[in-house]
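I have placed the structure first, in the form of structure tokens, so that the comments after it can refer back to it.
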2 protein chains.
Amino acid sequence: MTANKAETADIPYPGRVSQPALRERRRQQTEREICDAALDLFERRGVDQTTVDDIAAAAGVSARTFFRYFATKEAAALVSHVDLDDRVEQMLDDLAPGRPLLAQLEDMWGEILTALDDGRSDAGRLVLRVRRLMLAEPALRQAAVSIDAQRLDAFVARATAALDLDDDLGTRVTVQAAGVAVRVAMDRWAEARDSGDRIDLLATYAAACRHLHTMTAPGHP
Amino acid sequence: MTANKAETADIPYPGRVSQPALRERRRQQTEREICDAALDLFERRGVDQTTVDDIAAAAGVSARTFFRYFATKEAAALVSHVDLDDRVEQMLDDLAPGRPLLAQLEDMWGEILTALDDGRSDAGRLVLRVRRLMLAEPALRQAAVSIDAQRLDAFVARATAALDLDDDLGTRVTVQAAGVAVRVAMDRWAEARDSGDRIDLLATYAAACRHLHTMTAPGHP
DNA sequence: CGCCTTGTTGGCAGTCACTGACACAATTCC
DNA sequence: GGAATTGTGTCAGTGACTGCCAACAAGGCG
């Protein structure tokens, strides 16, 4: 006991520390509550009929606190798509210079979309809600597109560095093109679900990738 | 003389009418003045250090009038890239179902970029100014990306209709991918010019298109 | 030339997103 | 337990954007 105490006091043991994580847990909980409230209100009243005060009140915080968690109203609904970042990091670590970049990107996205389990997992349900909202709400769509672009730009920079290239033009084109396939697939998916069709996300993504490949084929209409 | 007078009074002759266009000319002039003022102030002070009141004052109108011309501060600097629309319309009219869509899109964009004359024409200079600003101003970049996305979506809808397709997934992918090549090329172009390099816009665009084609080639690193 | 309709403008008031500064309370450190 | 750190609420302020109304200019018409 005393030994443990001394140990934890010395070095913050990962998984063993329970006290210093209290703040962190509270923070995550608050973030989640704000996000839930925002999503809920956006769905019911629409984005422009929802004020930040509304969201903050529904989440039980002040408006000032809201802005300590999210920079804009829209960002609250577009909270990062969960463990996406982990997979991206891993992909950058595993980058193989010999293999086509596009193939590696498609594998990565394929795995990320697989984790959504066609909207059956918690993460998948959340993403589906958000993508549906985006169809009807230009403000959300605009914010999402912008965040997306920033993310892809950052990814390009890191991938170019990892591959040790002196010209990133090809990387930019490839990463953005792969991103197009994902975006188009998710859009189509959300649209179909919105009108009752139960199309499969992964199959749609595969179709989008196929189009990306065949569009550059020599004799293609 | 009297005959002419009667004629113009009867039917508004296109090209012959000079009076009723007075309002229209004033409107375009005001729009241009606002746009110039915005661009100038953005370049000198930065976007967030420029208020709508500043722009309006510099253009000689009230803030209220500013918003009758542009929905947002950023939109004033992103005024439509001139005769782009004409070329797009023409391309939609000439759409050949038998020829690869990507090739037709690349032709269209190639012509539009050619008209910019590598930044030597008036339109080219304007575009270069705006793209340079976008590099340093996230707010402008965000607005531009968003407008771009809307335009491409509209284009997809019209192209799909023109081609009489029942599935627009391929059209979406192809149009967006072609858009990626253009955006990447213009970004690179503006960046290079910003740091003193005089790279050629059209050559950069051609390189981007090449990457778009080779990235899907079988044995490509 | 007057008259009427219509489009354009400016001023004003109001809402709302977002920010900085400060005081206060909850955690964490020691 | 006390001190340093960190999260939160309140308040005041800026600035984007909108609706409303009155003034005014432009074009059509007798």
Side-chain angles (χ1 to χ4, degrees), chain A residues 5-13 16-34 38 41-42 45-57 59-78 137-140 142-143 146, chain B residues 5-13 16-34 38 41-42 45-77 138-140 142-143:
Chain A
K5 222 176 187 176
E7 223 176 69
T8 53
D10 250 55
I11 311 153
Y13 237 48
R16 178 66 190 73
V17 273
S18 53
Q19 262 89 54
L22 198 154
R23 264 185 174 143
E24 183 58 23
R25 265 185 293 135
R26 281 242 170 125
R27 213 184 149 71
Q28 287 183 358
Q29 185 186 342
T30 308
E31 182 174 312
R32 179 156 209 87
E33 273 164 13
I34 294 174
L41 287 170
F42 286 170
R45 298 186 211 165
V47 172
D48 15 311
Q49 288 306 309
T50 303
T51 71
V52 171
D53 285 313
D54 291 338
I55 303 173
V61 296
S62 72
R64 191 65 187 85
T65 295
F66 174 93
F67 285 111
R68 290 199 179 96
Y69 283 84
F70 299 102
T72 67
K73 195 168 66 160
E74 292 79 18
L78 300 172
E137 299 282 354
L140 269 191
Q142 172 167 356
S146 175
Chain B
K5 222 176 186 175
E7 223 177 71
T8 52
D10 249 54
I11 312 155
Y13 238 49
R16 180 68 190 75
V17 271
S18 52
Q19 263 88 53
L22 199 153
R23 268 183 171 146
E24 183 59 21
R25 266 185 292 132
R26 282 241 170 128
R27 214 182 149 73
Q28 287 183 357
Q29 185 185 342
T30 308
E31 182 175 312
R32 178 156 211 86
E33 275 163 12
I34 294 175
L41 287 170
F42 286 170
R45 298 187 211 165
V47 173
D48 14 307
Q49 287 307 308
T50 304
T51 71
V52 171
D53 286 310
D54 291 338
I55 303 172
V61 295
S62 71
R64 190 66 189 84
T65 296
F66 174 93
F67 286 111
R68 290 201 179 92
Y69 283 82
F70 299 102
T72 67
K73 195 168 66 159
E74 292 79 17
L140 269 191
Q142 173 169 354

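Heavy-atom basis, side chains included; hydrogens, waters and symmetry copies ignored.
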- Only one of A:R26, A:R32, A:R25, A:E33 forms a side chain to side chain donor-acceptor pair (under 3.5 Å) with A:Q29, so which one is it?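 For A:Q29, the side chain to side chain donor-acceptor pair (under 3.5 Å) test succeeds with only one of A:R26, A:R32, A:R25, A:E33, which is A:E33.
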First locate atom [atom1] of [X], then atom [atom2] of [Y], and finally report the distance between them rounded to the nearest 0.5 Å.
{"X": "A:E31", "Y": "A:R68", "atom1": "CD", "atom2": "CZ", "answer": "15.0 Å"}
{"X": "A:I55", "Y": "A:F42", "atom1": "CD1", "atom2": "CZ", "answer": "4.0 Å"}
{"X": "A:Q49", "Y": "A:D54", "atom1": "CD", "atom2": "CG", "answer": "9.5 Å"}

For atom [atom1] of [X] and atom [atom2] of [N], their distance in whole Å:
{"X": "B:D54", "N": "D:dT14", "atom1": "CG", "atom2": "P", "result": "14 Å"}
{"X": "B:R23", "N": "D:dA25", "atom1": "CZ", "atom2": "P", "result": "12 Å"}
{"X": "A:R25", "N": "D:dG7", "atom1": "CZ", "atom2": "P", "result": "15 Å"}
{"X": "A:Q49", "N": "C:dA17", "atom1": "CD", "atom2": "C1'", "result": "15 Å"}
{"X": "B:R27", "N": "D:dG27", "atom1": "CZ", "atom2": "C1'", "result": "17 Å"}
{"X": "A:D53", "N": "C:dC18", "atom1": "CG", "atom2": "P", "result": "12 Å"}
{"X": "B:I34", "N": "C:dT8", "atom1": "CD1", "atom2": "P", "result": "13 Å"}
{"X": "B:F66", "N": "C:dG10", "atom1": "CZ", "atom2": "P", "result": "13 Å"}

- Should B:Y69 be listed as having a side-chain N or O under 4.0 Å from OP1 or OP2 of C:dT8?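 Checking B:Y69 against C:dT8: no side-chain N or O falls below 4.0 Å of OP1 or OP2.
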- Query: In chain order, what residues pass the salt bridge (Lys or Arg N to Asp or Glu O under 4.0 Å) check against B:D48, with sequence neighbours excluded?
  - Reply: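 Listed in chain order: nothing, the list is empty.
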- Message: From C-beta outward on A:T51, which listed nucleotide comes closest to its side chain: C:dC16, D:dA16, C:dG10?
- Response: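 In terms of side-chain proximity for A:T51, the closest of C:dC16, D:dA16, C:dG10 is C:dC16.
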- Among D:dA16, D:dG9, C:dT27, find the nucleotide with the atom closest to the side chain of A:R26.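 Shortest atom-to-atom distance from the side chain points to C:dT27.
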What are the atom names and distances for every N/O pair under 3.5 Å that joins the protein to nucleotides 19-21 of chain C?
unit_1, atom_1, unit_2, atom_2, d
C:dG20, N7, A:R64, NE, 3.4
C:dG20, N7, A:R64, NH2, 3.0
C:dG20, O6, A:R64, NE, 2.9

- Looking only at heavy atoms, what is the nearest atom pair of B:V47 and B:L140, with distance?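 Result for this residue pair: CG2-CG, 4.0 Å.
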- Query: Of all heavy-atom pairs between A:G46 and A:E137, which one has the smallest distance, and what is that distance?
  - Reply: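 A:G46 and A:E137 have their closest heavy atoms at CA-OE2, 3.2 Å.
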- Task: For B:T50 and for A:S62, find the nucleotide of DNA chain D with the closest heavy atom, then tell me which residue's nucleotide is more 5'.
- Result: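 That would be A:S62.
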